[in-house]
Amino acid sequence: MMAILQNISAIFIFAPFLAFILLLLASRRRLRRKAVGFSADLTTFLLFLSVPVSVEALWDIKIAFGISVTAILIAIFLLVMEWKRSKEIEVLKYIRKTWRLYFLLLSAAYVLIWFTGLALTVISFA
């Protein structure tokens, strides 16, 4: 039983887009238009794990700390921008915007890492 959970976890860490699709399909009926946001929110957790693990698997470089620091700096920057724009900050709205930005940035990084890994594999066989 534990081995099955470990295998499923490994699949979702190395392929978070599968989790996104499964969550989207599962939540689409109940949440309708909010299903994409819900799926993105939950997938962001996986992307925070997946991107550093993928980079370490490809290049043996540890970037988890760098990603954490970058996420904090992005949050601070967005907070300052939100504060300058409107003196009254809606915390939940700010957190949602920041979290969705993390999803977009980490998804782009994941796709870039994935294509780079694929290209390196093809080149190594050529």
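All figures in this text were calculated on a predicted structure; none of them were measured in a lab. For the single chain, residues carry numbers from 1 onward in sequence order. Every heavy atom of this structure was used, including side-chain atoms; hydrogens, water molecules and symmetry mates were not.
Although no hydrogens or angles enter the test, the distance criterion places a donor-acceptor pair under 3.5 Å between the side chain of Ser124 and the main chain of Thr121. Panel note: side chain Tyr94, backbone Ala75; a donor-acceptor pair is recorded below 3.5 Å. A distance-only check finds a donor-acceptor pair linking the side chain of Tyr110 to the backbone of Phe14 [under 3.5 Å].
The hydrophobic clustering, which links ILVMFWY residues whose side-chain heavy atoms are closer than 4.5 Å, places Leu25 and Leu23 apart. Taken together through direct or relayed side-chain contacts under 4.5 Å among Ile, Leu, Val, Met, Phe, Trp and Tyr, Ile67 and Ile72 form parts of separate hydrophobic clusters. In this structure, Leu42 is not a member of the same hydrophobic cluster as Val36, with clusters built from ILVMFWY side-chain heavy atoms closer than 4.5 Å. By the criterion of side-chain heavy atoms lying less than 4.5 angstrom apart, applied directly or through intervening Ile, Leu, Val, Met, Phe, Trp or Tyr residues, Val69 is not grouped with Val53; the two fall into different hydrophobic clusters. There is a path of hydrophobic side-chain contacts, each under 4.5 Å, that joins Phe115 to Phe17.
Annotation: side chain of Leu105 is in contact with side chain of Ile74 (closest heavy-atom distance under 4.5 Å). For the pair Leu49/Phe45, no side-chain contact is recorded, criterion being any heavy-atom separation below 4.5 Å from C-beta on. Proximity of Leu79 to Thr98: side-chain heavy atoms (C-beta onward) are nowhere separated by under 4.5 Å. Between Phe20 and Thr44, every side-chain heavy-atom pair lies at or beyond the 4.5 Å cut-off. Taking the side chain as every heavy atom from C-beta outward, Glu82 and Lys97 approach each other to under 4.5 Å.
Note: Leu73 CG to Ser68 OG = 11.0 Å, rounded to the nearest 0.5 Å. Put simply, CG on Leu112 and CG on Leu106 are 12.5 Å apart, with the number rounded to the nearest 0.5 Å. Considering CG of Leu104 and CG of Leu47, their distance stands at 10.0 Å, rounded to 0.5 Å. The distance from atom OH of Tyr102 to atom OG1 of Thr70, rounded to the nearest 0.5 Å, is 9.5 Å.
Of all heavy-atom pairs between Pro52 and Ile63, the closest is CA-CG1, 3.8 Å. Listed here is the closest heavy atom pair of Trp59 and Leu120: NE1-CD1, 3.7 Å. When all heavy atoms of Pro16 and Thr43 are compared, the closest pair comes out as O-CG2, 3.6 Å.
No more than 12 heavy atoms of other residues, nucleotides or ligands sit less than 6.0 Å from atom CH2 of Trp114. Within a 6.0 Å sphere centred on CH2 of Trp83, other residues, nucleotides and ligands contribute 12 heavy atoms or fewer. Counting heavy atoms of neighbouring residues, nucleotides and ligands inside a 6.0 Å radius, atom CD of Glu90 does not exceed 12 of them.
Of the candidates Arg100, Arg96, Lys34, Arg100 is the only one forming a salt bridge (charged side-chain N to carboxylate O under 4.0 Å, His left out) with Asp41.
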